[in-house]
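Fair warning: this is a prediction, and the values are worked out from it, not measured in the lab. So you know, we letter chains A, B, ... as the sequences are listed, proteins then strands, and number each from 1. Just so you know, these numbers use all the heavy atoms, side chains as well, and skip hydrogens, waters and symmetry mates.
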Amino acid sequence: MIPLQISPFQYVANGVVFSSIIVLAAIGLSLVYSIADFANFAHGDLMTVGAFSALFSVGFFRPMLGDAGVFGLPLWFFLALAFGMGAAAVISVVTNRVVYRPVKDSGSIGLLISSIGVALVYRALVFLSFGTEPERYGVPRQGPVPWVRETLGIAVTPRNLVVVALTVVLVTALHLTLTRTTLGRKMRATADNADLARVSGIRTSEVIFAMWLIGGALAAAGGVFLGLEELVRPRMGFDILLIVFAAVILGGIGSVYGAMLGGLVIGMVHELVPLFDQLGVPLVSTPYAEAVAFVIMVVILLVRPSGIAGDSG
Amino acid sequence: MLVMSPHDMGRRTLLKLSGLSLVGATAGCLEGEEETPTATTTEESGGGGGGDDGTTTTTEESGGDESSYTIGMVDSLTGSLAPYGERNTRGRELALAAINEVGIGSEGASLNISVEDDESTNQGGVNGAQVLVNQDGVPLLIGSVGSGVSIAIHDSVTRDAGVVQISQNSTSPELTTRPELLRMSPSGSAKGQALASLVNDDGHDTVAVTWINNDYGTGLSDVFAETFESEFDGTVAYNEPHDQGQSSYSGILTEMASTDASAWIFLTYANEYTVMVNEGFDQGYNTSVDYYGAESTVADSIIENTPEGSMDGMTGITESAPQDQENYQNFVAAFEENYDGTPTVWSAYAYDAVTVAAIAIEAADEFTGEALASVVRDVTRPEGEEVFNFEEAAAVLRDGGSPSDINYQGVSGPVDLDENGDPPGYYQIYSVEDHEYVFGDYITS
Amino acid sequence: MSAVTSWVRETLVRDATERRIFAALGLITVLLVVGVLTGVVGLRFLLFQIALVGMYALLSLGLNVQWGYAGLINFSVAAFWGIGAYCAALLTAPNSPLGLGLHPVFGFLAAIVVSAFVAVLIGIPTLRLREDYLAIASLGLAEVIRAIILNERQWTAGSSGISGIPNLMSWLPLTDSATTAAIVVFLIAVVYLFLRRVHRSPWGRVLRTIRSDENLAKALGKNTYRFKMQAFVLGSVIMAVAGAFYAHLNLYIDPSDLVPLTTFYIWIAVILGGTGSNRGAVVGAAVVIAIREGTRFLNDIGFIQTLGVDLAPLRLLFVGGLIILIMRFRQDGLLPPKDELIWPAARDGSGAGGASPSGAASDGGASSNGGDDR
């Protein structure tokens, strides 16, 4: 029997993959928080909706395209991903129009509570349409990529690589949108100071529309990647929601870049906990990986509520 | 005074609420007389056996003889144990068809089973049992699959209500300590010992065990670890539980991989095992260690959701049926006629649970928990004439026989319930070759 | 009986909407009684449901202290409920990891003490935060508590749960379900009256001020943090008592109910019932249970089965939709407090229905309730 060796870098690799998912979700959540000014508890379930929409579309993309693949993953998966992102973007915008806008004046607490209702509705619709059992996309699994195993001593699969690569692509695209386009500039202005933005002639309704669209699409991408890495379950989004909140708060509400950084840190910490456990760090053990993230979040709220990069609430 | 002072208001509220309590108390006294089992709307009656249409009978409560008998059943229709739920449903339907062809008692009353889903969780089971016992008033309950679920139902619902409980699929040794909790499936202690022996025979002296965090996992892993360490001088380098229903177990696998165990024992359910096999495959663990399992790591869903080669060479021990017994072969024939594919022993256990319940109802003086409890063991004990199905048992009983005059031989085995309510069991070694299950040698307990 | 009629008119049915609501409740009660008499509804089962409603009502009353009185968005309801339930279970169940088999009184006492202690621990970092941060932080810490209960199996039995919890007061010559239902009604009465007393006290007035305008309260020289902590602890203790009671009702406990969804159900009960209103909390709890258990009953009706629709998600959909609709159309809930808070004598003196401290208490709270300087 070949004795197994787990290199510490394995944990780092796991962390990068998990961080990708958190980063995508955190960006959307941070955007909503800064522009619409409330904590959207439905964001996790929006990820679920995106993941299941993608699953649904597999039903017609897969027979169409067969097994043709790229980068080790079948083509139909990428189309399903795009479908899921689109569906979630649309649902996100519609929800805003139907639920959040009419109660805008009840303040951030009223919106928060409404978002809980929305979360339950999303989840219920997923349960009703797809049942309670966990699902898989059906992307054929391959083992670890051999040359990575041999050179770096860590096990990463093609899907790990695709998840990380696509996240980088999406984040870069967002960055370019925010810095190079007019819309992006308007979004940044509104996030900074909504009243000033409105006064200087920026139509905030357009910005809000864009924000829900982008936030929904990114949440869906995070959901699909989570489903690809683990399972597509109706509770998947809500189970991860608090970790995403932790990332957003750590990074600082109102800053998209803070959300990225927060996502990276929280994701890493989550996956490094088993390593700390083995190194004998007290109080930290594998089942408490999420609890560690929450405690970090509470500490940040006490010590520096504006987070790493955010404005002062 | 038109307006009441606050003292009066406080007093009046208290009075009103005390009045409510008094009403509730009176209700409590009335409640004691509600012992007659209500034959209410049921979900299942004579199933789909032999082409007959399964009609749902809604009978009114009659004062004297019952035109139908309703018992309860808690089953895992959804959740991690859903594969068993499906097997049990089929066993139950076949048994009901056979029983209702004959009818219970001189009036030929039909047997109805009211089914509740436990969602493979303890709390779900308790909720379902509460509905069956408190709302439907059943005197006998068949339930459930998960050992923790059965124990929770027993300790929290059926024991104090005096309801007879027969578990159809629970195998944890922990049920043995509860003699009132009967079961058709054998205790897993023999299986745990046999598994330890198997692992040792394959040349492993250091193993890692992970088990599902409930009474089933605790019981079985305890037996395995004890046997492996004391009888075979082996080392259990890792022995930790994991929770049901998670979407990732990479943490557990990583920890197991950090030990020097050469064999990994998975005492867990199908969904959980599927995730572990997939994640193990992603990390390449399957090429480095041998996998072992028990009965719940045998399921079609596992094969369907894992890639080729991800668990080849995995070995384990599962319960099996008495292949050479005639009534089992009849059962197989009936099963294959009604459903696609061959039955597993789990359907046979469910079949026997329903049949034993029917025989007990036939043999008992009254349709109450107490009366049923006094006869249910006797009808399975080796004393008496061997009967192989409900029809034969009913014939003996109606001929003036008493419960100890019959010895029911079930389709799953002799079903001789001992003083702890456990039957003896048959086991079989299985392995995975070319991504298919292959069954081998038999073991008896 | 004119005193009773006027009490009913002044406390229970303030206006047309409330009259309709109570009429609906009355109708449902009548239907239930008929159901029991005709044998459609099992009496034991109904009493169990009543006890469950009572348990939820206690939880809602506890949350009402925190949210309705003090304006704290506390999402850790399930955790405190769980602490209470586990204290009771661990101390009284013979086969719990502690195996002590003590009398239930100790379970309740432990629930109160432990929950108060944990409430202080959680309150220290979170009560100074602004509302939405308090929400997220309290939810996070509740999850930490759940993780501890789930993972420290040697103390809590983890996901195996604790079964065989004894019934309460089984020496009474009543059936267990009737006794349990009576006990919870008694508990609700005690808590309800206590809270009403408390709310009309100067302490309650300060809390209301803090809720509507914390800066004003601070300007008036009040140590708002201390008041919020007291409200938080009081509410959490009530929730723990509800949890301990639940252990003796369900006779089984495991960590699966300590999830955020449970917290959200209580929130719905409080909001639906009417934030700040104790009557509303009880009514809201009844409605939530009606939804939860009623959908289970629908399962038994033949034609719904043929629709092939799974009812648990339908329940979720209904509850979610309800939240959205309430926030949109009737934020005050079914039975907003209005002048529940004013001593009747004062109300008579100051003329028609005072100010209405509903959902987002608009008045400063300190001025218009003239009569409660007792």
Using non-hydrogen atoms and a 4.5 Å limit, figure out which bit of C:Leu139 sits close to chain A: side chain, backbone, both or neither.
both
Kindly check if the number of other-residue, nucleotide or ligand heavy atoms within 6.0 Å of OH (C:Tyr225) is above 12?
yes
Test of ring centre spacing under 6.0 Å for C:Tyr133 and A:Phe245
no
Proximal component of A:Ile113, with respect to chain C [non-hydrogen, under 4.5 Å]
both
At a heavy-atom separation under 4.5 Å, does A:Val292 approach chain C through its side chain, its backbone, both, or neither?
neither
Heavy-atom closest contact (A:Leu112 atom, C:Ala135 atom, distance):
CD1-CB, 4.3 Å
Under 4.5 Å from any heavy atom of chain A - which part of C:Leu261
side chain
Heavy-atom pairs under 4.5 Å with chain A are the metric here; pick the option from C:Ala137, C:Gly321, C:Ala147 that has the most.
C:Ala147
Could you give the distance from OG (A:Ser108) to CZ (C:Arg130), rounded to the nearest 0.5 Å?
7.0 Å
If we only count heavy atoms from C-beta on, is the A:Phe38 to C:Asp132 side-chain gap below 4.5 Å?
no
A:Tyr33 versus chain C, heavy atoms under 4.5 Å apart: side chain, backbone, both or neither?
side chain
Are the side chains of C:Leu317 and A:Phe127 in touch, meaning some heavy atoms are under 4.5 Å apart?
no
Please rank C:Ile324, C:Leu322, C:Leu129 by heavy-atom pairs under 4.5 Å with chain A and give me the top one.
C:Ile324
Can you tell which part of A:Leu301 gets under 4.5 Å to a heavy atom of chain C, answering side chain, backbone, both or neither?
both
Would you check, one step at a time, whether the test side-chain contact (heavy atoms from CB on, under 4.5 Å) holds for A:Tyr288 with C:Val144?
CA-CA 8 Å; A:Tyr288 287 110; C:Val144 171; 6.0 Å; no
Report the option among A:Pro234, A:Gly117, A:Ser106 that has the most heavy-atom pairs separated by less than 4.5 Å from atoms of chain C.
A:Gly117
For residues C:Trp267 and A:Ile116, determine if any side-chain heavy atom of one lies less than 4.5 Å from a side-chain heavy atom of the other.
no
So, do A:Phe294 and C:Leu141 sit near enough that their side-chain heavy atoms are less than 4.5 Å apart?
no
Of the backbone (N, CA, C, O) and the side chain (C-beta and beyond), which part of C:Ile73 lies under 4.5 Å from a heavy atom of chain A, both, or neither?
side chain
Considering only heavy atoms, which portion of C:Ile271 lies under 4.5 Å from any heavy atom of chain A: side chain, backbone, both, or neither?
side chain
Can you confirm whether A:Leu120 sits close enough to C:Phe318 that some side-chain heavy atom of one is under 4.5 Å from a side-chain heavy atom of the other?
no
Contact part of A:Val298 toward chain C, heavy-atom cut-off under 4.5 Å: side chain, backbone, both or neither?
side chain
Do any side-chain atoms of residues 48-55 of chain A form donor-acceptor pairs under 3.5 angstrom with protein atoms, and if so which ones, sequence neighbours left out?
residue : atom : partner  : partner atom : Å
A:Thr48 : OG1  : A:Gly44  : O            : 3.3
A:Thr48 : OG1  : A:Gly237 : N            : 3.0
A:Ser53 : OG   : A:Val49  : O            : 2.7

Region of A:Ile249 in contact with chain C, defined by heavy-atom distances below 4.5 Å
side chain
On a heavy-atom basis, the closest approach of A:Met297 and C:Gly140 is CE-CA, 4.3 Å
Tell me whether the count of non-hydrogen atoms from other residues, nucleotides or ligands lying under 6.0 Å of OH in A:Tyr257 goes above 12.
yes
Heavy-atom nearest pair, A:Leu242 first then C:Glu143, reads CD1-CG, 3.4 Å
Heavy-atom pair with the smallest gap, counting every atom of A:Ile109 and C:Trp67
CG2-CH2, 3.8 Å
For A:Ala124 and C:Pro313, which heavy atoms make the closest approach, and how far apart are they?
CB-O, 3.3 Å
If you compare all heavy atoms of C:Arg328 against all heavy atoms of A:Pro102, which two are closest, and at what distance to 0.1 Å?
NE-CB, 3.2 Å
Under a 4.5 Å heavy-atom cut-off, does chain A meet the side chain of C:Phe75, its backbone, both or neither?
side chain
Measuring heavy-atom distances to chain A, does C:Leu150 have an atom under 4.5 Å in its side chain, in its backbone, in both, or in neither?
neither
Are there over 12 heavy-atom neighbours, none belonging to C:Arg146, within less than 6.0 Å of that residue's CZ?
yes
Using non-hydrogen atoms and a 4.5 Å limit, figure out which bit of A:Phe238 sits close to chain C: side chain, backbone, both or neither.
side chain
